[in-house]
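Only this structure's heavy atoms are used, side chains among them; waters, hydrogens and symmetry mates stay out. Just so we're clear, the structure is a prediction, and the values are computed from it rather than from any experiment.
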Amino acid sequence: MAHLSDLVNLNLSDSSEKIIAEYIWIGGSGMDVRSKARTLSGPVDDPSKLPKWNYDGSSTGQAPGEDSEVILYPQAIFKDPFRRGNNILVICDCYTPAGEPIPTNKRHNAAKIFSNPDVVVEEPWYGLEQEYTLLQKEINWPLGWPIGGFPGPQGPYYCGIGSGKAFGRDIVDAHYKACIYAGINISGINGEVMPGQWEFQVGPSVGIASGDELWAARYILERITEISGVVVSFDPKPIPGDWNGAGAHTNYSTKSMRNEGGYEVIKKAIEKLGLRHKEHIAAYGEGNERRLTGRHETADINTFKWGVANRGASIRVGRDTEKEGKGYFEDRRPASNMDPYIVTSMIAETTLLWNP
């Protein structure tokens, strides 16, 4: 008699050319990832060859009940690390039956910005640092923390090892490998300053691909924590008090910044970001005011400042960039629950298209 695990791990290619495609989209809150699966007649590696699909938008907060159909447009394909074989994960964005992007579709506008010739020629690269917190399921308290109590002060946990410092490493490593399998350009992981908090990095990725890859990585993380019976939180300040918050630091460069003389281009870009500080902060994630306090490696939410190797700045420039006179900078303002389509495209728009 087969066990459940045997059936879950069945290799479909042994008996059929059919594959399973998991269609993934972002729900009405802007952070609730949704998905459903369909059978296809054979392998597909081009999203334009995938069929559009639909779902009940009234059940996701994206359409009224009397006109609830929302259409899924496939945009990016990744290998499925859960079903494996030729099965795929499909990142989609959402439209009305008339072909108009629905209000929560932030990818559509980002794609327009990234297809602008003035942006395309600059080949914007992004490296996204996604911080998150693992919580005990029944009590929504960080993994490894005593129930109703607190661990020792911050200090030994950042990149720490050992059972008293690192909590949930099996989940983190499973996610790391699953992302590599899927074809996501994940570049690293590390334990963070607050115990139970971790980070993974996606990139360097070009333009719209950075958003597609981060959303796919978030989906895979949610699925792994579902299997593990643990909750993942993207709240920017999950625990009040003297504990670090969670951000999504966004590293950015253009071709001009990476070439000789790029440091001057970087400084002009930072100046433009400073002029639009309020607009960026408004788009950089919900609850960010609880994180950007001027403490715990942040700049105050109402203050814009930049510096070299300064982790208390809004924008940090690395020592290597300063020394070489070219490179990239890090926008440290985005919260962990930011939408990467909004953040990456807004940085490109401000630095490459906006004229003060």
Side-chain angles (χ1 to χ4, degrees), residues 122 124-132 154 157-159 187-194 197-205 210 214 236-237 243-259 261-285 288-338 340 342-352:
E122 284 289 349
W125 291 2
Y126 296 91
L128 306 178
E129 305 176 27
Q130 176 68 72
E131 294 179 340
Y132 60 93
Q154 296 183 151
Y157 310 108
Y158 172 70
C159 296
S187 49
I189 58 167
N190 61 268
E192 268 303 330
V193 177
M194 189 183 87
Q197 189 184 84
W198 295 82
E199 174 184 297
F200 65 88
Q201 302 94 32
V202 168
S205 303
S210 59
L214 189 67
K237 186 72 173 179
W243 304 98
N244 272 38
H249 302 155
T250 300
N251 300 276
Y252 172 69
S253 71
T254 63
K255 184 182 288 186
S256 297
M257 295 175 190
R258 298 187 292 270
N259 290 341
Y263 195 47
E264 291 304 312
V265 180
I266 287 172
K267 287 194 285 188
K268 289 177 182 177
I270 293 173
E271 182 181 354
K272 293 171 84 173
L273 288 169
L275 293 174
R276 295 190 75 195
H277 177 62
K278 288 184 179 179
E279 292 94 325
H280 278 257
I281 286 294
Y284 273 16
N288 212 9
E289 72 282 351
R290 293 182 283 118
R291 167 181 164 261
L292 297 180
T293 62
R295 301 181 62 215
H296 305 111
E297 301 181 44
T298 70
D300 180 82
I301 194 168
N302 297 311
T303 303
F304 182 87
K305 62 180 181 178
W306 74 277
V308 176
N310 183 358
R311 295 185 182 276
S314 312
I315 304 288
R316 181 185 68 87
V317 174
R319 290 283 183 203
D320 286 346
T321 295
E322 181 190 41
K323 181 179 178 181
E324 296 175 14
K326 60 183 179 180
Y328 71 97
F329 64 82
E330 175 193 47
D331 191 338
R332 297 179 59 81
R333 297 171 296 173
S336 51
N337 59 4
M338 63 84 160
I342 295 175
V343 169
T344 57
S345 62
M346 194 172 191
I347 291 172
E349 181 184 39
T350 295
T351 59
L352 297 174

Original post:
Ignoring hydrogens and geometry, is there a side-chain-to-backbone donor-acceptor pair from E131 to A248 under 3.5 Å?
Top reply: no
Original post:
Please walk me through it: do D300 and T293 pass side chain to side chain contact (heavy atoms under 4.5 Å, CB included)?
Top reply: CA-CA 5 Å; D300 180 82; T293 62; 5.7 Å; no
Subject >> E279 atom CD, over 12 foreign heavy atoms within 6.0 Å >> reply: yes
**OP:** Starting at CH2 of W198, measure out to OH of Y157 and round the result to the nearest 0.5 Å.
**Re:** 13.0 Å
Original post:
Do you know which of Y328, Y126, W125 makes ring-ring contact (aromatic ring centres under 6.0 Å, His included) with Y252?
Top reply: Y126
Original post:
E199 versus I189: any side-chain heavy-atom pair under 4.5 Å?
Top reply: no
**OP:** Starting at CZ of R311, measure out to CD of E297 and round the result to the nearest 0.5 Å.
**Re:** 6.5 Å
**OP:** Scan side-chain atoms only and decide if E330 and T250 contain a donor-acceptor pair under the 3.5 Å cut-off.
**Re:** no
Subject >> CA sep, side-chain torsions, deciding dist, call: H277, S314, side-chain hydrogen bond (donor to acceptor under 3.5 Å, both in side chains) >> reply: CA-CA 9 Å; H277 177 62; S314 312; 5.1 Å; no
**OP:** Would you mind reporting whether F329 and N251 have side-chain heavy atoms less than 4.5 Å apart?
**Re:** no
Original post:
Quick one: do the N244 and Q197 side chains pair a donor with an acceptor below 3.5 Å?
Top reply: no
**OP:** To the nearest 0.5 Å, tell me how far R276 CZ sits from K272 NZ.
**Re:** 9.5 Å
Original post:
Would you say the side-chain atoms of Q130 pair up with the backbone N or O of S336, donor to acceptor, closer than 3.5 Å?
Top reply: yes
Subject >> pair I281-F304: side-chain heavy atoms closer than 4.5 Å >> reply: no
Subject >> side chain to side chain contact (heavy atoms under 4.5 Å, CB included) between V265 and K268, worked out >> reply: CA-CA 5 Å; V265 180; K268 289 177 182 177; 5.8 Å; no
**OP:** Ignoring hydrogens and angles, state whether a donor on the side chain of R258 or S253 is under 3.5 Å from an acceptor on the partner side chain.
**Re:** yes
Original post:
How long is the span from the CG atom in L292 to the OG1 atom in T303, to the nearest 0.5 Å?
Top reply: 10.0 Å
Original post:
Where does the angle between the aromatic ring planes of W306 and Y263 fall among parallel (under 30°), tilted (30 to 60°) and perpendicular (over 60°)?
Top reply: perpendicular
**OP:** Side-chain contact test, heavy atoms from C-beta onward, threshold under 4.5 Å: evaluate it for Q154 versus M194 and give yes or no.
**Re:** yes
Subject >> Verdict with reasoning, I315 to R333, per side chain to side chain contact (heavy atoms under 4.5 Å, CB included) >> reply: CA-CA 8 Å; I315 304 288; R333 297 171 296 173; 4.2 Å; yes
**OP:** Check whether any side-chain heavy atom of V202 lies under 4.5 Å from a side-chain heavy atom of E129, and answer yes or no.
**Re:** no
**OP:** May I ask you to test the E289-K237 pair for a side-chain heavy-atom distance under 4.5 Å?
**Re:** no
Original post:
Should V317 and I270 be marked as a side chain to side chain contact (heavy atoms under 4.5 Å, CB included) after you check the CA-CA gap, both sets of side-chain angles, and the distance that decides it?
Top reply: CA-CA 10 Å; V317 174; I270 293 173; 3.8 Å; yes
Original post:
Given side chains that start at C-beta, do those of M346 and H280 come closer than 4.5 Å, heavy atoms only?
Top reply: yes
Original post:
Is any side-chain heavy atom of I347 closer than 4.5 Å to a side-chain heavy atom of D331?
Top reply: yes
Original post:
Can you tell me how far CD of E264 sits from CD1 of I266, rounded to the nearest 0.5 angstrom?
Top reply: 9.5 Å
